[in-house]
Amino acid sequence: MPTNREAAELFRSIADILDVLGERFKPEAYRRAARSIESLTEDLAAVAARNELRTIPGIGEAIEEKIREYLTTGHLAYYERLQKEVPPGILDLLRVPGLGPKTARRFWLELGVEGPAELADAIAKGRLTGVAGFGPKKVEQIRSALAAAAGPGAGQRLPIDTAYPVAQRLVAGLKAAGGVERIELAGSFRRCRETVGDLDILVTSSEPERVFDAFSRLPEVGEVRLRGGTKETVVLRQGLQVDLRVVEPAAFGAAWLYFTGSKDHNVHLRSIARDRGLKVNEYGIFRGEERIGGRTEEEVYAALGLAWVPPEIREDRGEIDAAARGPLPPLVTAPELRGDLHCHLAPDASARDVDRMIAAARARHLDYVGVVVGGVGADGARWTLPSAALARLDSARPPGVTVGRAREDASNGDASPGDAPRSDYRILRPIGSSPGPPTRPPPSGEWTLAAHVGGDEAARRWVPWARSARVALEVGPGPERLDSTAARAAREAGVALHVPTGVALAEDDPLAPVALGFARRSGAGPKDVKNTARAADATGAWARPKRA
DNA sequence: GCCGTTTTCGGCCCGACTGTTTTCAGTCG
């Protein structure tokens with residue numbers, strides 16, 4: 001049975017081939033279908049079984065048939081026929097930055113070049129000199145792009161928690177350099193997508209040249225790829241591309257909206273604008289020549305008769321229709337997180353580390369923190385916090401903060417509490433070769449959270465179990481938490497999410513903001529999140545304020 | 001190939017930047 005990801009890849013390959021063959025609109029149609037399939041929270045086969053493929057945006061009669069053929073036979077005759085029409089290496093040429101379908105097709109038909117290696121060879125032999133449309137600069141551009149594409153990590157999307165500190169440093173660097181009035185991040189970073197292909201930074205400034213100069217000189221910046229009057233594109237030393245744009249304050253909202261995307265969201269907004277006789281672009285919203293809005297995002301949405309849409313859900317999955325009906329149901333926000341049920345201290349934590357964590361919890365106005373005091377680690381070995389730290393957890397009576405003890409158990413039941421320290425509730429984590437949920441529900445009366453359960457695939461097994469066992473699942477970055485798609489599946493099934501606050505971590509750690517972003521991307525409101533509840537409601541009995 | 005509170009046909013976001021142009025094509029986001 002093909003996975004959704006494989007089906008999406010198939011349609012992307014079809015789009016690439018159609019591009020090279022010079023088709024005008026089909027490629028985008030197939031890419032749209034691929035994006036839709038990728039964002040499903042259930043298997044394509046399940047949707048097909050219910051006969052609901054056509055309800056997926058971008059899937060019509062023809063693509064529905066192709067999906068059915070692919071699901072039943074594992075092949076697609078149309079794709080196999082297309083494959084024979086272009087050399088396989090041509091599609092690799094499309095991956096080279098600056099090389100598009102038109103150019104790849106010309107290389108193939110005019111020079112007989114069928115792949116990146118052959119193209120590099122042709123350049124080295126001077127076969128491109130004299131070819132119409134390819135001057136020395138263009139040839140050099142392609143040559144260096146080919147060399148860069150052959151290098152490690154080129155063109156890779158970066159996990160957002162990896163990109164997070166990079167983005168923060170760039171913003172801080174630009175602010176420190178001066179000349180910047182307002183600065184915001186846009187793009188898939190702002191939407192908190194799981195991975196980002198580049199970073200988009202928007203600034204207002206009366207001195208664009210000064211800002212571009214400062215940007216070019218930031219220590220993270222490797223190479224300036226292009227620079228015009230309103231935008232500069234650089235590649236960081238570690239390979240990430242960053243676009244910096246200067247926009248005027250009267251258009252900031254329109255630009256922020258435009259460059260935040262997603263593409264599908266923008267296209268949908270524009271079609272609504274067109275229907276109303278309006279035009280939206282990054283400079284504002286216009287009736288004829290007259291700009292009727294653009295200073296804020298709200299202005300642009302309002303001009304289209306829409307409520308403001310939070311960036312995390314701008315994916316054209318129905319949010320625009322909902323915004324047309326009225327204000328959207330609010331997504332969970334950081335101040336609503338009243339506690340954290342899953343805090344880790346270092347295995348050798350001291351009493352002072354405990355105090356530091358509690359101080360951090362107070363500073364963030366958390367009402368309660370549940371600290372893991374021991375259990376089984378990722379390697380399956382048992383561990384316990386040092387006795388000094390345990391004692392401090394019990395003796396700490398910080399006003400306003402309730403401190404609870406959690407233990408981490410293997411989900412397969414291998415680790416019995418036995419010699420584990422006393423705890424108020426437990427957290428399940430998958431260990432070893434069978435990382436799925438337990439076969440039995442947790443003991444009644446004991447509150448349980450499941451964490452470290454893994455991403456999309458694991459979620460398919462954990463979500464039904466968590467629903468029947470009434471166990472919350474943790475969302476957040478990294479391979480061992482639910483991503484936003486898995487979290488959406490959990491939320492739709494009525495499973496509560498736990499959103500870590502990073503209270504035991506460094507101030508600039510990306511865990512908390514990214515986890516919150518994923519929860520919001522999943523569409524979670526405050527009621528969908530376990531740790532927005534008051535302490536007693538979040539965990540049952542453990543977190544009632546202790547009496548001295 | 002998809003889609004539809006103007007439509008089942010005729011649209012399909014649109015502007016910046018670059019290199020190669022003597023007015024524009026290709027790529028990108």
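Not measured: the values here are computed from a predicted model. Below, chain A is the first sequence line, B the second, and so on; all start at residue 1.
Whole-Å rounding puts the A:L93 CG to B:dT27 P distance at 11 Å. Spacing between atom CG of A:D264 and atom P of B:dG29 amounts to 16 Å, rounded to whole angstrom units. Rounded to a whole Å, the CZ atom of A:R35 is 14 Å from the C1' atom of B:dG1. The separation between A:R32 atom CZ and B:dC2 atom P is 11 Å, rounded to whole Å. Summarising the geometry, the separation between CG on A:L269 and P on B:dC13 is reported as 12 Å, rounded to the nearest angstrom. Summarising the geometry, the separation between NE2 on A:H265 and P on B:dC14 is reported as 16 Å, rounded to the nearest angstrom. Following rounding to the nearest Å, A:L304 (CG) and B:dT5 (P) show an atom-to-atom distance of 15 Å. Atom P of nucleotide B:dG1 and atom CD of A:E23 are separated by 8 Å, given to the nearest angstrom.
One C1' atom belongs to B:dT18, the other to B:dT23, and the distance between them is 15 Å to the nearest Å. Between the P atoms of B:dG10 and B:dG15, the separation comes to 25 Å (whole Å). The same atom, C1', is picked in B:dG11 and in B:dT20; the two are 32 Å apart, to the nearest Å. Rounded to the nearest Å, the gap between the P atom of B:dG1 and that of B:dT6 is 28 Å. Between the C1' atoms of B:dC12 and B:dT7, the separation comes to 14 Å (whole Å). Atom name C1', nucleotides B:dC13 and B:dT27: the rounded distance is 15 Å, in whole Å. Straight-line distance between the C1' atoms of B:dC2 and B:dT8: roughly 12 Å, to the nearest whole Å.
Between A:E315 and A:R521 there is a salt bridge, with a side-chain nitrogen of the basic residue lying less than 4.0 Å from a carboxylate oxygen of the acidic one.
Residue contacts shown for A:K137 are limited to sugar-phosphate atoms, with no base heavy atom under 4.0 Å away. Among the atoms of the strands shown, none is found under 4.0 Å from any heavy atom of A:R24. Heavy atoms of A:T230 sit under 4.0 angstrom from primed sugar atoms or phosphate atoms, though from no base atom. Residue contacts for A:G229: at a heavy-atom cut-off of 4.0 Å it reaches the sugar-phosphate backbone alone, with no base atom in range. If you check every strand for non-hydrogen atoms under 4.0 Å, A:N266 touches nothing. Within the 4.0 angstrom heavy-atom criterion, only backbone atoms of the sugar-phosphate kind lie near A:E61; the bases stay farther away. At the heavy-atom level, A:L18 lies nowhere under 4.0 Å from the strands shown.
The backbone N or O of A:P2 sits nowhere less than 3.5 Å from a side-chain atom of A:E6 that would complete a donor-acceptor pair. Listed for the A:T73 side chain is no donor-acceptor partner under 3.5 Å among the backbone atoms of A:Y70. Listed for the A:T485 side chain is no donor-acceptor partner under 3.5 Å among the backbone atoms of A:S39.
Ring centroids of A:Y258 and A:Y283 are separated by 6.0 Å or more, keeping the two rings apart.
Under 4.0 angstrom from either OP1 or OP2 of B:dG15 there lies at least one side-chain N or O belonging to A:K279. A sub-4.0 Å separation between OP1 or OP2 of B:dC14 and a side-chain N or O of A:N281 is absent. An OP1 or OP2 oxygen of B:dA16 is reached within less than 4.0 angstrom by a side-chain nitrogen or oxygen of A:Y283. Taking only side-chain nitrogens and oxygens, A:K66 comes nearer than 4.0 Å to OP1 or OP2 of B:dG1.
A:L18 pairs in a side chain to side chain contact (heavy atoms under 4.5 Å, CB included) with only one of the listed residues (A:P101, A:S13, A:P27), which is A:P27.
If you check the side chains of A:Q241 and A:T233, you find no donor sitting under 3.5 Å from an acceptor.
With distances taken from any side-chain atom of A:E282 to the nucleotides B:dG15, B:dC13, B:dG1, the minimum falls on B:dG15. For A:Y258, the side-chain atoms get nearest to B:dC13 when compared with the rest of B:dG19, B:dC13, B:dC2. Here B:dT20 is the nucleotide among B:dG1, B:dT20, B:dC14 with the atom lying nearest to any side-chain atom of A:K138. You'll find that the side chain of A:A62 is closest to B:dC2, out of B:dG19, B:dC2, B:dC13. The A:Q241 side chain lies nearest to B:dG29 when the options are B:dC13, B:dG19, B:dG29. Listed nucleotides: B:dC17, B:dC13, B:dT18. Nearest to the side chain of A:K231: B:dC17.
From A:N266, atom CG reaches atom CG of A:D316 across 10.0 Å, with rounding to the nearest 0.5 Å.
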Close N or O pairs between protein and nucleotides 24-26 of chain B (under 3.5 Å):
from   : atom 1 : to     : atom 2 : distance (Å)
B:dG26 : O3'    : A:T103 : OG1    : 3.1

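Pairing for B:dG1 is with B:dC12, a Watson-Crick or G-U wobble pair whose two hydrogen-bonding atom distances lie under 3.5 Å.
Aromatic ring pairs are classed by plane angle as parallel below 30°, tilted from 30° to 60° and perpendicular above 60°; the pair A:F134 and A:F107 is tilted.
Because its NZ or CZ atom is not both nearer than 6.0 Å to the ring centre of A:F11 and within 45° of the ring axis, A:K66 does not count as a cation-pi partner of that residue.
When each of A:P136 and A:G228 is assigned the nucleotide of DNA chain B bearing its nearest heavy atom, the one mapping closer to the 5' terminus is A:G228. Between A:D275 and A:F25, it is A:D275 whose nearest contact on DNA chain B lies nearer the 5' terminus.
B:dT21 has its base anti relative to the sugar, with a glycosidic angle deviating from 0 by more than 90°.
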